[in-house]
Amino acid sequence: DVQLVESGGGSVQAGGSLRLSCAASGYTASSAYCMGWFRQAPGKEREGVVTMSHTGGAVYADSAKGRFTISKDNAKNTLHLQMNTLRPDDTAMYYCAAREYVGSYCYFAPSQFRYWGQGILVNVSS
């Protein structure tokens, strides 16, 4: 099975930046994967932030466009999320997720993602 471990969360003031990382292991070499970042704020449903297909195609939520950037280091099997110009409404638990998927782009459907990290807290203060 695929294991995902997030790191890099923490507390920051509004306008600041954080970089999340997700170390992945246990991949099946013959499979293609979609990976993504999701978040869940207290009292709210889990929502997609950004996904990246195995070909590098990225899909961003409107709230992330222009502020967040996803990247992948294939050599290290690590996914990154650079978050700039953070706002208090970005405060949430952030989760790395993966699913087997072949296609140029993959979309936000939490129920379709089979593998999840334990989550990491991002707290943005005003």
Side-chain angles (χ1 to χ4, degrees):
D1 280 356
V2 174
Q3 292 85 44
L4 304 171
V5 180
E6 301 98 336
S7 62
S11 295
V12 65
Q13 289 191 327
S17 298
L18 282 174
R19 187 186 193 216
L20 304 184
S21 296
C22 172
S25 61
Y27 280 138
T28 300
S30 60
S31 296
Y33 292 88
C34 164
M35 296 189 72
W37 290 97
F38 293 77
R39 67 186 184 184
Q40 187 166 17
K44 295 188 177 181
E45 293 187 355
R46 191 168 297 188
E47 63 178 7
V49 177
V50 58
T51 62
M52 178 175 276
S53 73
H54 68 103
T55 61
V59 179
Y60 288 88
D62 287 344
S63 61
K65 288 177 182 176
R67 300 188 301 128
F68 294 1
T69 303
I70 191 171
S71 62
K72 187 166 54 175
D73 185 336
N74 290 320
K76 297 182 179 180
N77 286 336
T78 302
L79 188 73
H80 300 288
L81 180 65
Q82 178 66 42
M83 304 186 293
N84 298 327
T85 320
L86 283 161
R87 308 183 304 223
D89 62 358
D90 293 316
T91 295
M93 285 291 289
Y94 282 71
Y95 298 88
C96 177
R99 57 177 291 208
E100 290 93 345
Y101 183 80
V102 177
S104 298
Y105 298 94
C106 50
Y107 298 93
F108 313 125
S111 62
Q112 295 182 4
F113 282 76
R114 179 178 179 184
Y115 307 104
W116 292 86
Q118 80 284 357
I120 196 161
L121 180 64
V122 170
N123 182 55
V124 184
S125 59
S126 57

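FYI, the numbering just counts along the sequence from 1. Small disclaimer: the values here were computed from a predicted structure and weren't measured.
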- Take Cys96 and Trp37 through the side-chain contact (heavy atoms from CB on, under 4.5 Å) test and state the conclusion after the steps. CA-CA 5 Å; Cys96 177; Trp37 290 97; 4.0 Å; yes
- Item | His54/Tyr33 under side-chain contact (heavy atoms from CB on, under 4.5 Å): CA gap, chis, key distance, verdict | CA-CA 5 Å; His54 68 103; Tyr33 292 88; 5.6 Å; no
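The main-chain N or O of Val5 is never found under 3.5 Å from a side-chain atom of Gln118 such that the two would form a donor-acceptor pair. The main-chain N or O of Glu45 is never found under 3.5 Å from a side-chain atom of Glu47 such that the two would form a donor-acceptor pair. A donor-acceptor contact shorter than 3.5 Å is absent between the side chain of Tyr60 and the backbone of Gly66. In this structure, Ser53 contributes its side chain and Ser104 its backbone to a donor-acceptor pair below 3.5 Å.
In plain terms, the two heavy atoms of Cys22 and Met35 that are nearest each other are SG-CE, 4.2 Å. Minimum interatomic distance between Ala23 and Thr78 (heavy atoms only, all atoms of both residues): CA-OG1, 4.3 Å. The shortest non-hydrogen separation linking Ala98 to Tyr27 is CB-OH, 4.4 Å. Across all non-hydrogen atoms, the minimal contact from Ala64 to Val49 is CB-O, 3.8 Å. Between Leu18 and Leu86, the shortest heavy-atom contact is N-CD1, 3.8 Å. Residues Gly103 and Thr55 share a closest heavy-atom pair of O-OG1, 3.9 Å.
A search for salt bridge (Lys or Arg N to Asp or Glu O under 4.0 Å) contacts involving Lys44 returns nothing, not counting sequence neighbours.
The side-chain heavy atoms of Val2 and Arg114, taken from C-beta on, include no pair separated by under 4.5 Å. Two residues are said to be in side-chain contact when any heavy atoms from C-beta on lie closer than 4.5 Å; Cys34 and Tyr107 fail this criterion. Within the 4.5 Å cutoff, the side chain of Leu20 has no heavy atoms near those of the Glu6 side chain. At a threshold of 4.5 Å between non-hydrogen side-chain atoms, the residues Phe38 and Phe113 count as touching.
Put simply, Ile70 and Val59 are part of two different groups of oily side chains (I, L, V, M, F, W, Y) that touch within less than 4.5 Å, one to the next. If you chain together hydrophobic residues whose side chains sit under 4.5 Å apart, Tyr101 and Met52 never meet in one group. When hydrophobic clusters are built by joining Ile, Leu, Val, Met, Phe, Trp and Tyr residues whose side-chain heavy atoms come closer than 4.5 Å, directly or via intermediates, Leu79 is grouped together with Leu4. In the hydrophobic clustering of this structure, Trp116 groups with Leu121; members are Ile, Leu, Val, Met, Phe, Trp, Tyr whose side-chain heavy atoms approach within less than 4.5 Å, directly or through other members. Taking hydrophobic clusters as Ile, Leu, Val, Met, Phe, Trp and Tyr residues chained together by side-chain heavy-atom distances below 4.5 Å, Val50 does not share a cluster with Tyr105.
A side chain to side chain donor-acceptor pair (under 3.5 Å) check over residues 89-100, counting only residues at least two apart or in different chains, returns the pairs Arg39-Asp90, Arg39-Tyr94, Arg67-Asp90, Arg87-Asp89, Arg99-Gln112, Glu100-Tyr115.
Atom OG of Ser7 and atom CD1 of Ile120 lie 6.0 Å apart (nearest 0.5 Å).
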